[in-house]
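Proteins come first, then strands; the chains are lettered A, B, ... in the order of their sequence lines, and each starts at number 1.
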There are 2 protein chains.
Amino acid sequence: MVGRARSAPSDPAAGNGHGPGPSRRIPEATVARLPVYLRSLVEAAEARITTISSERLAELAGVNAAKVRKDLSHLGSYGTRGVGYDVELLLFHVSRILGLTRDRGVVIVGVGYLGHALANYRGFSARGFRVRALVDADRAKVGERVGGLVVRHLDELGVIISGEDVAIGVVATPAAAAQDVADRLVEAGVRSILNFAPVLLTVPEGVSVRKVDLSIELQILSFYQQRHLADAVLGPAPDVAESTSAAPARR
Amino acid sequence: MVGRARSAPSDPAAGNGHGPGPSRRIPEATVARLPVYLRSLVEAAEARITTISSERLAELAGVNAAKVRKDLSHLGSYGTRGVGYDVELLLFHVSRILGLTRDRGVVIVGVGYLGHALANYRGFSARGFRVRALVDADRAKVGERVGGLVVRHLDELGVIISGEDVAIGVVATPAAAAQDVADRLVEAGVRSILNFAPVLLTVPEGVSVRKVDLSIELQILSFYQQRHLADAVLGPAPDVAESTSAAPARR
DNA sequence: GTTTGTGAACCACTTCACAGCC
DNA sequence: GGCTGTGAAGTGGTTCACAAAC
């Protein structure tokens, strides 16, 4: 999702591979899994587990153990052979790599049903994301109180972002407004955008966009469901099996 | 996300490559992009464009032209050399492959803020997804009217699913309830689940799960933002450049 | 004995580059 | 001349399998 041009072979920020500090380039696929490991580690810590093997962590995260080890090896060498990983230590390093040691301000643009849901979502604060402002283009909504915040007008975006230390912009507007909102966010200095509108946002280099599109997810499910039905009718191929992101078992 | 164990080389459902009907196995990555092409094609059709090149479609979809051609070639040979693709024809075939020619019933489980947002989301019906029922475990919410539907109790799930022709279940409950809800959906015959709860769902083989996790997306953005800041401080490597899912330009 | 960390093999996907067809 | 469809090459990611470390 977030593309990243590779840097030159001589990376000045490259670490030594086991000391503190981020080591080398972390693959995109690994980055996308770190939050999943983080969640599993938090669960383990809450269950008073102090040490965890790649095998067990893989199970909790729904991936394969070799992948866990390779992923974690990109962060440094924080495991102990014959023992496993110290949960608290790993928790700390994964958080650090993800940049979760400092809080990050979030502004939500668009206070429709989705904006309401996001403004009231508890999961954000748990990981250090603070919703600092709600903004809407509709003056009728300005002044309304939602999730402990007062809705402000879109035109104030610039002031809000510089004043409130906002790092991430969430676009929860209709498709037609999304590009304009993204432009304003970028203009105001936001370099990370989470887009819920079903449109392709165009942003300058250096700005990261991730998109969440309900309708696309349903269409993908529809494809596999249809194909599954076809298999059932025609008879599946000798070893056909459909599994899931959730079910690591691929036999 | 939706894993798919490869079938044996001798696939009985394999087509001939250009006639009607689905041809061979379509790569997962391609499936995930088809909805994006579909959206671009709808836009083109609305703009009265009758023919489109892979170049132009790539631009609209935010990918590279060779990828568009390879992706579309998996569906069959629906373009004309020297001309491009007929928009309506391609629209039809992409819809067909995705299984969007028939409507699909959706049940939303969990009528909190997110459930409300989903129940009122317009984007569903446009692609043939019909929200047929809303369900919640909280009896206080049962009977409430949301988005034109009356909330029913979770215990009625089985009856609702068989009675209303529901193909897809959307889990919009708190994390703690999600696995139980998924089990009930599967039990009732649902084979496609869209999960918004921040937990790993375990489902039997043959059931597809796709997950949408807000908090994970924010954490990924956080990683790239932090890394970006580090670059700025240390000075980027000679040809470092950060781009986006939205910006195909990778120079 | 157990479990990590990692080369090497493997696989899926992307991109190139051009033959084939309009 | 223009654009698709596709082998071939390239890239990134996964999985295997085992030596090293406890």
Without hydrogens or angle criteria, can the side chains of B:S54 and B:R69 be said to hold a donor-acceptor pair below 3.5 Å?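 Yes, side-chain donor-acceptor contact under 3.5 Å.
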
How about B:Q219 and B:S215: does a side-chain donor come under 3.5 Å of a side-chain acceptor?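 B:S215 and B:Q219 do have a side-chain donor-acceptor pair below 3.5 Å.
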
Tell me which residues in residues 45-55 of chain A lie within less than 4.0 Å of DNA chain C, going by non-hydrogen atoms.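 Correct list: A:S53, A:S54.
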
Give B:R33 one of three labels, base, sugar-phosphate or nothing, depending on what nucleic acid heavy atoms sit under 4.0 Å from its own.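 Sugar-phosphate contact only.
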
Salt bridge (charged side-chain N to carboxylate O under 4.0 Å, His left out) against A:D180, all qualifying residues, sequence neighbours excluded: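 Counting only residues at least two positions away or on another chain, A:D180 forms a salt bridge (charged side-chain N to carboxylate O under 4.0 Å, His left out) with A:R184.
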
Rounded to whole angstroms, how far apart are [atom1] on [X] and [atom2] on [N]?
| X | N | atom1 | atom2 | result |
| --- | --- | --- | --- | --- |
| A:D71 | D:dG13 | CG | C1' | 10 Å |
| A:N64 | C:dT6 | CG | P | 17 Å |
| A:L57 | C:dT2 | CG | C1' | 17 Å |
| B:H93 | D:dT4 | NE2 | P | 16 Å |
| A:L72 | C:dT3 | CG | C1' | 13 Å |
| B:L34 | C:dC13 | CG | P | 13 Å |
| A:K67 | D:dG12 | NZ | C1' | 13 Å |
| B:H74 | D:dT6 | NE2 | P | 10 Å |

Atom pairs and distances, donor-acceptor, side-chain atoms in residues 80-89 of chain B, under 3.5 Å, two or more places apart:
| unit_1 | atom_1 | unit_2 | atom_2 | d |
| --- | --- | --- | --- | --- |
| B:D86 | OD1 | B:E88 | N | 3.2 |
| B:D86 | OD1 | B:L89 | N | 2.8 |

Taking the side chain as everything from C-beta on, heavy atoms only, tell me whether B:V106 gets closer than 4.5 Å to B:F124.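 No, their side chains stay 4.5 Å or more apart.
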
Where the side chain of B:S192 meets the backbone of B:I168, is there a donor-acceptor pair that is under 3.5 Å apart?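 Not a single qualifying donor-acceptor pair exists.
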
Quick check: does any side chain N or O of B:R104 sit under 3.5 Å from a backbone N or O of B:G99, one acting as donor and the other as acceptor?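 Confirmed, B:R104 side chain pairs with B:G99 backbone.
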
Give every donor-acceptor pair under 3.5 Å between a side-chain atom in residues 38-50 of chain A and any protein atom, sequence neighbours left out.
| unit_1 | atom_1 | unit_2 | atom_2 | d |
| --- | --- | --- | --- | --- |
| A:R39 | NE | B:P198 | O | 3.3 |
| A:R39 | NH1 | B:D213 | OD2 | 2.5 |
| A:S40 | OG | A:V36 | O | 3.1 |

Of the nucleotides C:dG5, D:dG13, C:dT14, which one has an atom closest to the side chain of A:E28?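 Closest of the options to the side chain of A:E28: D:dG13.
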
Nearest to the A:A66 side chain among D:dT15, C:dT14, C:dC16, which nucleotide is it?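 In terms of side-chain proximity for A:A66, the closest of D:dT15, C:dT14, C:dC16 is D:dT15.
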
Under 4.0 Å between a side-chain N/O of A:Y85 and OP1 or OP2 of C:dG5, yes or no?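 Affirmative; the distance criterion is met.
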
Apply side-chain contact (heavy atoms from CB on, under 4.5 Å) to A:R191 and list each qualifying residue two or more places apart in sequence or on a separate chain.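 If we apply the side-chain contact (heavy atoms from CB on, under 4.5 Å) test to A:R191, skipping adjacent residues, the hits are B:H228.
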
If you assign each of A:P27 and B:K70 to its closest nucleotide in DNA chain D, which residue comes earlier from the 5' end?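 It is B:K70, whose closest nucleotide lies nearer the 5' terminus.
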
Any N/O pairs under 3.5 Å between the protein and nucleotides 18-22 of chain C? List them or say none.
| unit_1 | atom_1 | unit_2 | atom_2 | d |
| --- | --- | --- | --- | --- |
| C:dG20 | N3 | B:R81 | NH1 | 3.1 |
| C:dC22 | O4' | B:R81 | O | 3.4 |

